[in-house]
Structures are given as structure tokens and as C-alpha cells.
Amino acid sequence: MALKVCNTLSRQYEEFVPLEEGKVSIYVCGITPYDHSHIGHARPAVFWDVVRRYLYHKGYNVRLVTNFTDIDDKLIRRSKETGIPIAAIAEKYIQEYLECMDKLGVKRADVYPRASEVIPEIIDAVQALIDKGYAYESSGDVYFRAGRFLDYGKLSGRKPEDLMPGARVEVSELKESPLDWALWKRSKPGEPGWPSPWGNGRPGWHIECSVMVHKHLGPQIDMHGGGTELVFPHHENEVAQAEAVSGAEPYVQYWVHTELLNLEGEKMSKSLGNVVYLYELVNNHDPMAVRLYLLSAHRRKVLDFSGELLRSAEKGWERIQTGYRNALEFLANPAAQGLRDASKLAEATSQCRAAFFEAMDNDFSTQGALAAVFDLITAINAHVVPQDQAVPDPHARKRVAEAFGLLVQCLGILGLVPRTAGPALSQEPDLGGKLVDILVDVRNTARQRKDYATADYIRNKLAELGIVLEDTPSGTKVRM
RNA sequence: GGCGACAUGGCCAAGUGGUAAGGCAGGGGUCUGCAAAACCCUUAUCCCCGGUUCGAAUCCGGGUGUCGCCUCCA
């Protein structure tokens, strides 16, 4: 099967062929750590984590680089307001971001370069652009001459002449043209700066990414990601800078953008006060349910966030885990030798396998892949039944192992990790587990006496503590 | 003003020409002391109007609507 990717540059689905066989280089624009990360930041992170896992599954050696913009106007402003050094602010929010990513099951990137670490490389790139006539110095600032780059506008589909009228571009007498952008900014008093051939200054925003890509991945890369709002001007400018410096074209083979995430229909904005912070979300909800929610729509569609949608994902995630446990318990029990219909389970397994990989190959359609997972769960639950309802079958264990193996593989690619806490607390030697076991015993004794008032009381009280009791033909199950 | 995306059942969401995946919610059943979980059954002709085609949610044209970008932003 061939992987197809919808490329922002061509606006078409293209078969994925890496520059170098067996290797994939990916750069994804990261965050500016001047405040708490919000749910929107998690979308590209989770999406690219899945891409990375899938490419790995397909046998590629994947190298992923994501930056932190730790020099920026917002950080400078924040530092002035609070009196806290820029580096300390950045460090705090970078750590918080990484902790949230860990909880969401996002694997760490191979490199997390920071703008402040590549100042020499940035100065070299800016100098190279000046030398080639693509940039000019003006009162201590250095600007990129947009008009000089003939392909300017090819990524975003904009023509330079369209951008002039009505556009709210920054007007500056220092620029030759309103379209030009700053590669290097002279530091004002009190602002951080680094010595350069043009005086004390700091890098403009766009240049850091091109430089980091070049430094960590080379002049040309396979995939570049980020939110759609970055297509113009950020990525457009990046292309111009990178190709002007290196002469290598295309800078990026596949531009893969993720759509934005809205909050109850509106753009998240601090001024509106409708921001959902990631650390709160991840601490108050099962991070895996959050992850499932983030994967519930294709990356190129706007995703809306609401409590209702999160609850929906939480229920769905519980369902997946129930099926997972169901198969696991069967396999853990050597006496289990029967299924409702072993051949149907086998058939369903192979259909789900095909559907899952077809969806993933189709521009990483995680929602389609999830549909296959849910179908697999349904098949497992329908056929892995209590043994008194099962039909003994010599292939039963093999069939369940296949289905479970596929489930583990699919969840692994999607990065969804079921709770590993055993199905029964009795397997855990801690005091709490033992106490619950005693209560379950007491309750079952009461049930035998038909003392349902006592039985329900115990069940309800445990439920209040988040401990769920389920009576099944094979005994009472305990779930946390 | 320019560029672009999207409009599918109560909510969310697939579908890249052949007769509508999946999740949540709802209804009916099975199971259960009752629950829970699970399983089975059940709810759509795809914004509107034209056109192309044997055949379109899927292609083309025109409307209407929602949203995003063009200024910091995942």
C-alpha cells in the first residue's frame, strides 16, 4: 500500500516518497513559551506523534525536530511585566509543555532546538542573504527583499500584487517594500540582544525555523508541519529564505498543515477568556481520552472543542478499553477455549486490519483508523463471551490472539495506551485492594441472602470512590 | 478588498463517480435481583438551483451560509 499525503504546496494528494530511501525528516513548528499551552497546541503535537509512529511502523527511520521560540516580543513583554528573566519564563512553560506531552503519550522529538541556541547560524544565514542580494540592512535592521524571490507566494497561493492593497502589513520607512520582513531586528534599550555585523540585535521570527531545519535536518526535508495560520506569512517566508540561502529546491517536499481548533465555535483567545489550558485538561481528565478526541477528526478540518465532545471521547475510550480487557482476560485464562464464532472473529480481524491501514495511508486519516478500531472492539466483544455461552474451537485462542495483536498494533500507532491496572484489584497486593476484595466478598454474601439493600449500599459507596463493581456470570469484576 | 477551507442523521465525523464508515446520544430487545458492561435491532439521500454522466454526497457553474488567514498565534 502506498501512503498518500495532501500537500499544501500543490493542494493535491501525492504519493509519499522520501528524499532518501528509508529515512524521513520532519520539522514541526513548535510553541512560543510565554504562557501556558492550550488545547490547540496539542493538536499538531498529537497528530505528528501519530505520523511518526506510523512511518516507523512502515519501516522508516524518522527524525523529528520541533523548535521552541524563546526570543520573541511576547516573551520580552512578559518579562517586563513580571520582572522575571526571559529565560526563566521560557524554561517554565517549556517544561510544562513537555509534561503535558508526556501525559498525552507524545514521544519526545529527536531535537528541541531553541532560537537562542542558533544565533551564530542565524547571523550566518542573514549575512548569506545579504551577500546574495536577497536582503539589505537598514538602520541596524535587516530585511528580506520579498520581491527578489521570484517564487514568492507559491506556498500560500498569493500573488505579491494581491497582498498590497488593503493588507495590514506593517508600514515602515526602513523597508523597501511593505512585503519585506525582518530577518534581524536592532535591539532597543532594555531588550535582549546579540552582537552582529549590523549592531546589537535579535533574530526576526521567520528566520529561526529555516536555520534550524538546515542545521538539524539539512537544506531539504521531507515534511514540514504546523498550524494552517502559519502558511502565510511564516512558512511562505521560510521557503523564500531557505531556498534563497541554499539554492536547493524544494526546501520542503510535503507541507502538511493541521487545521485549527476552536472552542465552542469560537477561536480561542485570551481576550475573550475562552482558553482551555492543557495542563488543566490533562490533570482533570484521562489524557488518553483527550488524545482520542484530538484524533477524532481529520487534520485538515477545523476541530471544535466542548465538554460534550470530550465526554463523548471519554465514553468511546472506555469502550475501547473494555474490549481490550475482554480479550486480555480471555488470553490470560488457559481454560478459555471457546468463542461465539471463531471464524467470524477471524474475518472481522482481517477486515479491520485492511481498513485501518487503508485509512492511515490516506493522508493519515486517524478518524477512519479509529472506526476500524471500534469495529474490531465490537467483534472482540461479540465473540469473546463467557465460556458457558461459547463454542469450543481448537482455533479459538489463536483467533483471539490475532485480534488482540491487531488491536495492540493499532493502538500503538495511534499512541493510545489502555490503563494497565489489572481488571481485578485482587491482583494488586496493596491494602486498598485487599479491603475492596473484602467488601466484594461481604457484598456477594449479602446477595446470596438476597439482602440487596446491603449489596447496593456497598456498590454505591464504592462507586462514589470511583470503584465500579460489575456482576458477571463469571463473578464480580472490579474496575477503577 | 485579496487568498483559502468547510457545509452529511439530535451532536461529532468518514466518504477523492457506482447507489451513505465509525463514535456519542435516543428508542426497542437479550443478559442481570437491580444495575453496570456487553451484544443484537433501530434513526439520513448528504445547504439550495442548474449542468456533465448510464450513474454524483462525491465532477463543473451559480447561489446561500459558517469559519480561517492576510497583524502575534499550533
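Residue numbering restarts at 1 for every chain, and letters A, B, ... go by the order of the sequence lines.
Contacts between residues 342-351 of chain A and RNA chain B, defined by a heavy-atom separation below 4.0 Å, involve no residue at all.
Between the CG atom of A/Leu260 and the P atom of B/C6 there is a distance of 14 Å, given to the nearest Å. Computed from coordinates, the A/Met360 CE to B/A14 C1' distance equals 15 Å when rounded to whole Å. The nearest whole Å value for the distance from the CG atom in A/Leu303 to the P atom in B/G68 is 15 Å. Rounded to whole Å, atom C1' of B/C69 lies 16 Å from atom CZ of A/Arg300. Summarising the geometry, the separation between NE2 on A/His36 and C1' on B/A74 is reported as 17 Å, rounded to the nearest angstrom.
Backbone-only engagement by A/Leu230 is indicated by non-hydrogen atom pairs under 4.0 Å involving sugar-phosphate atoms exclusively.
Between A/Trp181 and A/Phe144, the ring-plane angle classifies as parallel under the 30° and 60° cut-offs. Ring-plane geometry between A/Phe357 and A/Tyr54 is classed as parallel, the angle between the planes falling under 30 degrees on a 0 to 90 degree scale with a further cut at 60.
Residues A/Thr349 and A/Ala403 approach most closely at OG1-CB, 3.4 Å, considering heavy atoms.
Taking the side chain of A/Arg459 as heavy atoms from C-beta on, and the options B/A74, B/A38, B/C34, the nearest nucleotide is B/C34. Closest to the side chain of A/Asn262, from the set B/C67, B/G15, B/A35, is B/C67. The side chain of A/His298 sits closest to B/A14 out of B/A74, B/A14, B/G33. Listed nucleotides: B/A74, B/G15, B/G23. Nearest to the side chain of A/Thr378: B/G23. Residue A/Ala455 places its side chain closer to B/G33 than to any other of B/U16, B/A14, B/G33. With B/G4, B/A74, B/A38 as the choices, the nucleotide that has an atom nearest any side-chain atom of A/Arg11 turns out to be B/G4.
Remark: side-chain polar atoms of A/Asn326 are not paired, donor with acceptor, to backbone N or O of A/Thr322 under 3.5 angstrom. Between the side chain of A/Arg43 and the backbone N or O of A/Gly227, no donor-acceptor pair lies under 3.5 Å. One N or O on the side chain of A/Arg443 and one on the backbone of A/Ala455 form a donor-acceptor pair closer than 3.5 Å.
A donor-acceptor contact under 3.5 angstrom links the side chains of A/Asp70 and A/Ser116, judged on distance only.
OP1 or OP2 of B/A14 has at least one side-chain nitrogen or oxygen of A/Lys301 nearer than 4.0 Å. For A/Asn362, a side-chain nitrogen or oxygen approaches OP1 or OP2 of B/G15 to under 4.0 Å.
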Step by step, would you call A/Tyr34 with A/Tyr93 a ring pair (Phe, Tyr, Trp, His ring centres under 6.0 Å)? CA-CA 7 Å; A/Tyr34 73 103; A/Tyr93 291 120; 7.8 Å; no
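Atom name P, nucleotides B/G68 and B/A13: the rounded distance is 16 Å, in whole Å. With P as the reference atom, B/A7 and B/C31 are 43 Å apart, rounded to whole Å. Nucleotides B/G63 and B/G26, compared at atom P, are 43 Å apart to the nearest Å. The separation of B/U16 from B/C60, taken at their C1' atoms, amounts to 15 Å, rounded to a whole angstrom. Taking atom C1' in both B/G9 and B/G27, one finds a spacing of 15 Å when rounded to whole Å.
The pair A/Asp35-A/Arg78 meets the salt-bridge criterion, with a side-chain N (NZ, NE, NH1 or NH2) lying under 4.0 Å from an Asp/Glu carboxylate O.
Atom OH of A/Tyr13 has more than 12 neighbouring heavy atoms from other residues, nucleotides or ligands inside a 6.0 Å radius. With a 6.0 Å radius and a threshold of 12 heavy atoms from other residues, nucleotides or ligands, A/Arg145 has its CZ atom above the threshold.
Counting distance only, with no hydrogens placed and no angle test, the side-chain atoms of A/Asp456 and the base atoms of B/G33 include a donor-acceptor pair under 3.5 Å.
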Could you list all N or O pairs between the protein and nucleotides 18-21 of chain B that sit under 3.5 Å apart?
none

Walk along nucleotides 24-32 of chain B from 5' to 3' and tag each nucleotide B, S or - by protein heavy-atom contact under 4.0 Å, base first, then sugar-phosphate. SS-------
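Note: A/Tyr324 and A/Phe404 meet the aromatic proximity criterion, with ring centroids under 6.0 Å apart.
Just one residue in the list A/Thr228, A/Asn7, A/Thr8 forms a side chain to side chain donor-acceptor pair (under 3.5 Å) with A/His257, and that residue is A/Thr8.
Remark: B/U71 base-pairs with no nucleotide in the shown strands. Criterion, Watson-Crick or G-U wobble with two distances under 3.5 Å.
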